[in-house]
Amino acid sequence: MNYIIIEGLAFALPLFIIAIGGIFSERSGVTNLALEGFQGFGAFAGAAAVMAISGGNLAGIETPMFITAMVFALLGGMVFSMLHALLCIPFKANQVISGVVINILATALTAFLTSQFNTVLFGKPTNKFVLGICEKFTVPFISEVPVLGAFFTDVYYYQPIIIAAALVASYVLYKSRFGLRLRACGDNPHAVDAAGISVSKLRFIAVMISGALSGLGGMCFAYSISASFSPTIYSGYGFLAIAALIFGNWKIGPTLLACLLFGFARSGGYKLAQVLGLTSAFADIIMILPYVLTLLLLMFFSSTNRAPRALGEIYDKGKR
Amino acid sequence: MKKPKNALKNPFRRGFIAILGNEKYQGFTIPLFAIILSLLAASLLLLSLGKNPLIAFRSLLQGSGLLPKASYAAKKNILTDFMSMLNILTPMIFAALAVAVALKAGLFNIGISGQMLVPGFIASITVGYSKLPAAAALPLVLIIGIMGGAAVGSLIGWLKHRFNINEVVSSIMLNYIFSYIISYFINTNYIDAVSRQSRYISANTRLTLANIELFGLKMDIPLGFILAVPAAFLVKFLMDKTRVGYELKVVGLNKKAAQYAGINVGKNIVMAMAISGALAGLAGVTYYLGNFNSIQPRVLSSLGFDSIAVCLLGNSHPIGILFSSLLITVISKGSNYMSSTINVPQEISQLITGLILLFSACGAYIKHRVSLAKDEIRDEKLRLKQENEEGDRV
């Protein structure tokens with residue numbers, strides 16, 4: 001049970017922060033299929049910064065390097081997301097197209113840069129930065145409470161960061177003036193424009209926020225599941241986050257539930273395979289659990305699903 | 001772009017606008033312009049690495065059999081390279097057409113990989129491992145491709161219609177589900193102990209005639225390609241000339257208007273996904289039982305995602321797709337040879353592809369700028385004319 005909760009959370013929270021990024025962008029009216037690319041590029045930026053600063057020797061300085069990675073992942077994701085914002089907003093490109101293109105570009109660019117970087121820095125053209133796994137901590141006393149304690153055992157350092165970021169994000173989205181305008185942008189951009197606020201600027205910022213948060217999420221995956229940065233980071237976390245946020249009806253709270261569902265179903269599946277002593281081939285069957293569950297739940301709940309009204313539409317001032 | 005004081009003074013700009021401004025040919029000229037821009041950007045990138053871009057681009061063409069190489073191995077020449085390029089091109093055309101059909105109906109089919117994998121797997125285990133003669137096996141493979149893909153596609157369409165499940169989500173979920181289930185079956189029943197992939201299918205059932213001796217050469221002949229080009233024209237015919245295509249397009253443009261006109265929206269959504277899935281299925285069989293002859297467990301082909309971009313590069317137009325598929329395939333096929341001639345990492349080719357797609361995505365913006373500039377020139381001409389007339393009067 002503890003294993004399920006610990007590993008489930010470790011997977012669900014990075015997914016959640018990527019999904020929050022997606023929510024910011026989509027609630028402002030910009031379809032964001034580029035989350036996959038953002039998280040990958042963010043992870044690349046963080047990992048590259050760590051490699052450049054530490055020179056590849058991480059022993060003894062894991063924690064400061066971890067913080068460096070987080071900061072650079074945030075910035076890297078944000079800078080890269082400006083490309084999507086640029087294409088979608090001033091250049092009026094189709095947002096779905098732009099998203100797909102950004103993903104392809106991110107994969108190609110990071111693979112290329114990683115091998116260039118490794119050649120220059122270490123003289124060997126590999127496409128991998130080995131980072132190791134982020135440190136964990138256990139909260140004393142509370143962790144001894146049965147079941148509930150598991151939420152406080154072996155917590156990756158990034159988990160509290162994500163929770164804090166998520167709280168700030170939901171405050172901004174639902175309680176601040178900026179958030180209100182952002183949400184209005186996704187439903188009725190003309191009203192926002194009439195109130196004298198620049199729709200383009202707001203959407204641009206929203207996409208940048210989504211890039212920053214996705215970058216953070218990607219970095220967390222690089223620091224936990226793969227313990228390195230390599231092209232395997234593009235294994236669909238971003239798409240899973242999109243599924244979670246649509247499942248969560250573009251709201252932060254329900255999206256968290258969707259992410260937890262993915263996380264727990266995934267770790268639960270692994271545990272089940274372990275307990276039953278199944279071979280890795282059977283584990284494949286169990287791995288479909290989160291996806292089947294999602295589809296089934298969607299059958300019941302998605303009749304009330306409603307996307308932001310102006311989602312995917314290029315804002316045209318003259319249009320009525 | 002700075003606005004010159006007199007729009008008529010710059011002949012270069014005027015010629016430029018005259019070429020790009022002709023709306024009749026814009027579907028063709030603007031993507032071409034974007035491609036030229038992106039090749040310029042790629043040249044800059046290559047120059048910054050200290051490589052000659054012209055040699056790089058020539059190597060791409062040589063590697064894909066469009067230009068002769070300096071030397072060839074025994075029993076190889078330009079034709080063998082060209083044939084193996086066609087071999088990769090074939091599934092790409094089908095997959096991109098699949099995206100286009102769904103897009104016309106306003107649906108975004110991101111599940112091409114899954115719709116490729118399912119028929120690919122079914123055809124492999126039923127026909128591929130059988131001892132059927134080629135004449136019976138090949139049509140059967142194609143039929144399985146069409147039926148299997150259409151089944152998965154219409155499932156996604158039905159989920160959308162019946163339960164209002166966004167097709168992006170359901171196809172992503174189904175991609176994973178199929179990939180894991182098929183990986184399970186491959187790992188338990190059909191695994192090849194050495195390659196860690198599914199066992200090779202028999203040569204009779206493969207849609208590509210591999211290593212055939214012809215004219216003293218050894219080459220791969222992709223039989224699927226014979227179908228791929230007509231398929232593009234068939235899709236064009238379906239979309240432009242038939243009732244089915246018309247209804248799909250109306251649903252894609254405006255669901256409410258379609259409903260008001262008495263078009264059954266649900267039926268058309270399922271129909272569009274079925275056609276799209278069938279094309280994806282053809283891509284699947286030409287990929288797994290043509291280009292390759294086995295399936296790697298747990299891996300979804302990246303072709304499914306690349307085809308989205310290829311479709312968009314071709315402006316979602318069936319004939320445009322033929323050209324955009326060719327372009328992207330040439331770059332990816334030729335990259336091997338390029339990395340050997342000028343000693344650059346192979347990732348460069350993906351980067352060039354990315355740049356092309358990036359600039360093509362700006363097509364709408366280029367069009368917008370061109371039409372602005374056109375208006376400006378027209379206004380300027382009008383103003384000059386008026387001034388002249390006033391001058392005459394005085």
Side-chain angles (χ1 to χ4, degrees), chain A residues 31 33 36 83 86-88 90-94 96-98 100-116 119 125 127 234 236 239-240 242-244 246-247 279-292 294-295 298-305 307 314, chain B residues 45 49 103 108 110 159-160 162-166 168-170 172-189 191 297-298 300 302 305-306 308-309 311-313 344-368:
Chain A
T31 308
L33 285 174
E36 178 80 357
L83 198 58
L86 210 61
L87 282 177
C88 290
F91 285 4
K92 299 181 180 12
N94 180 320
V96 170
I97 301 183
S98 167
V100 174
V101 170
I102 297 278
N103 287 340
I104 292 176
L105 197 68
T107 321
L109 196 64
T110 50
F112 171 69
L113 288 178
T114 313
S115 70
Q116 288 296 84
T119 315
N127 61 356
Y234 300 99
F239 291 120
L240 211 55
I242 293 169
I246 295 179
F247 191 10
T279 56
S280 68
F282 275 99
D284 281 344
I285 286 287
I286 290 169
M287 286 302 292
I288 69 172
L289 218 69
Y291 310 113
V292 173
T294 309
L295 267 186
L298 277 173
M299 283 184 184
F300 291 109
F301 293 119
S302 60
S303 53
T304 56
N305 243 9
I314 295 157
Chain B
L45 176 77
L49 290 170
L103 218 53
F108 185 57
I110 202 172
L159 286 172
K160 166 134 186 145
R162 175 71 182 76
F163 297 108
N164 188 28
I165 301 181
N166 190 313
V168 174
V169 182
S170 60
I172 291 171
M173 297 294 124
L174 286 174
N175 270 355
Y176 285 115
I177 293 174
F178 289 131
S179 153
Y180 281 121
I181 292 181
I182 288 172
S183 146
Y184 165 75
F185 282 116
I186 290 176
N187 276 326
T188 48
N189 289 322
I191 195 84
R298 267 203 185 194
L300 283 166
S302 65
F305 295 97
D306 294 348
I308 298 168
C311 164
L312 301 168
L313 179 60
V344 287
Q346 264 198 41
E347 286 97 3
I348 280 267
S349 78
Q350 283 171 303
L351 208 53
I352 296 176
T353 309
L355 283 174
I356 290 178
L357 298 172
L358 191 70
F359 279 93
S360 316
C362 303
Y365 180 68
I366 299 174
K367 205 167 166 180
H368 173 70

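Excluded from the calculations below are hydrogen atoms, water molecules and symmetry mates; all remaining heavy atoms, backbone and side chain alike, are included. In what follows, chains carry the letters A, B, and so on, assigned in the order in which the sequence lines appear, proteins first and then strands, with residues in each chain numbered from 1.
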Checklist entry - Between F108(B) and L33(A), does a side chain to side chain contact (heavy atoms under 4.5 Å, CB included) hold up when you go through it step by step? => result CA-CA 11 Å; F108(B) 185 57; L33(A) 285 174; 3.3 Å; yes
Checklist entry - Do you know the tightest heavy-atom contact between F91(A) and C362(B)? => result CD2-SG, 3.7 Å
Checklist outcome for this item: Only residue of D306(B), I308(B), L357(B) satisfying side-chain contact (heavy atoms from CB on, under 4.5 Å) with V100(A) is I308(B)
Checklist outcome for this item: Between the OG atom in S115(A) and the CD1 atom in I348(B), the distance rounded to the nearest 0.5 Å is 8.5 Å
Next on the checklist: So for I314(A), is it side chain, backbone, both, or neither that comes closer than 4.5 Å to the heavy atoms of chain B?
Outcome noted: neither
Checklist entry - Which bit of L289(A) comes within less than 4.5 Å of chain B, counting heavy atoms only: side chain, backbone, both or neither? => result neither
Item to check | Value rounded to 0.5 Å, distance of CG in N103(A) from OG in S302(B) | outcome: 12.5 Å
Next on the checklist: If I compare all heavy atoms of G354(B) with all of V101(A), which pair ends up nearest, and what's the gap?
Outcome noted: O-CG1, 4.2 Å
Item to check | Structural part of V96(A) lying under 4.5 Å from a heavy atom of chain B | outcome: side chain
Next on the checklist: Counting heavy-atom pairs under 4.5 Å with chain A, which one of N166(B), I177(B), L174(B) comes out on top?
Outcome noted: I177(B)
Checklist outcome for this item: When the 4.5 angstrom heavy-atom criterion is applied to I172(B) and chain A, the contacting part is side chain
Item to check | Under 4.5 Å from any heavy atom of chain A - which part of I182(B) | outcome: neither
Checklist entry - Should Q350(B) and I104(A) count as side-chain neighbours, where that means a heavy-atom distance under 4.5 Å? => result no
Next on the checklist: Please classify the contact between L49(B) and chain A as side chain, backbone, both or neither, with a heavy-atom cut-off of under 4.5 Å.
Outcome noted: side chain
Next on the checklist: What part of L159(B) gets within 4.5 angstrom of chain A, counting heavy atoms only: side chain, backbone, both, or neither?
Outcome noted: side chain
Item to check | L295(A) side, atom CG; Y176(B) side, atom OH - distance, nearest 0.5 Å | outcome: 13.0 Å
Checklist entry - Hey, mind stepping through L351(B) and L109(A) against side chain to side chain contact (heavy atoms under 4.5 Å, CB included) and telling me if it holds? => result CA-CA 6 Å; L351(B) 208 53; L109(A) 196 64; 3.4 Å; yes
Item to check | Check against side chain to side chain contact (heavy atoms under 4.5 Å, CB included), N94(A) and L312(B) | outcome: CA-CA 10 Å; N94(A) 180 320; L312(B) 301 168; 5.8 Å; no
Checklist outcome for this item: Note: A93(A) and A361(B) closest approach over all heavy atoms is CB-O, 3.1 Å
Item to check | Rounded distance [0.5 Å steps], CG in L105(A) versus CG in L358(B) | outcome: 5.5 Å
Checklist entry - Quick one: are M173(B) and L240(A) in side-chain contact, heavy atoms under 4.5 Å? => result yes
Checklist entry - Quick one: what part of L87(A) sits under 4.5 Å from any heavy atom of chain B, side chain, backbone, both or neither? => result side chain
Checklist entry - How many angstroms lie between atom CZ of F300(A) and atom CZ of F163(B), to the nearest 0.5 angstrom? => result 7.5 Å
Checklist entry - Do the ring centers of F239(A) and F305(B) come within less than 6.0 Å of each other? => result yes
Checklist entry - CD1/I288(A) to OG/S183(B) distance, rounded to the nearest 0.5 angstrom? => result 11.0 Å
Next on the checklist: More than 12 heavy atoms of other residues, nucleotides or ligands under 6.0 Å from NZ of K160(B): yes or no?
Outcome noted: yes
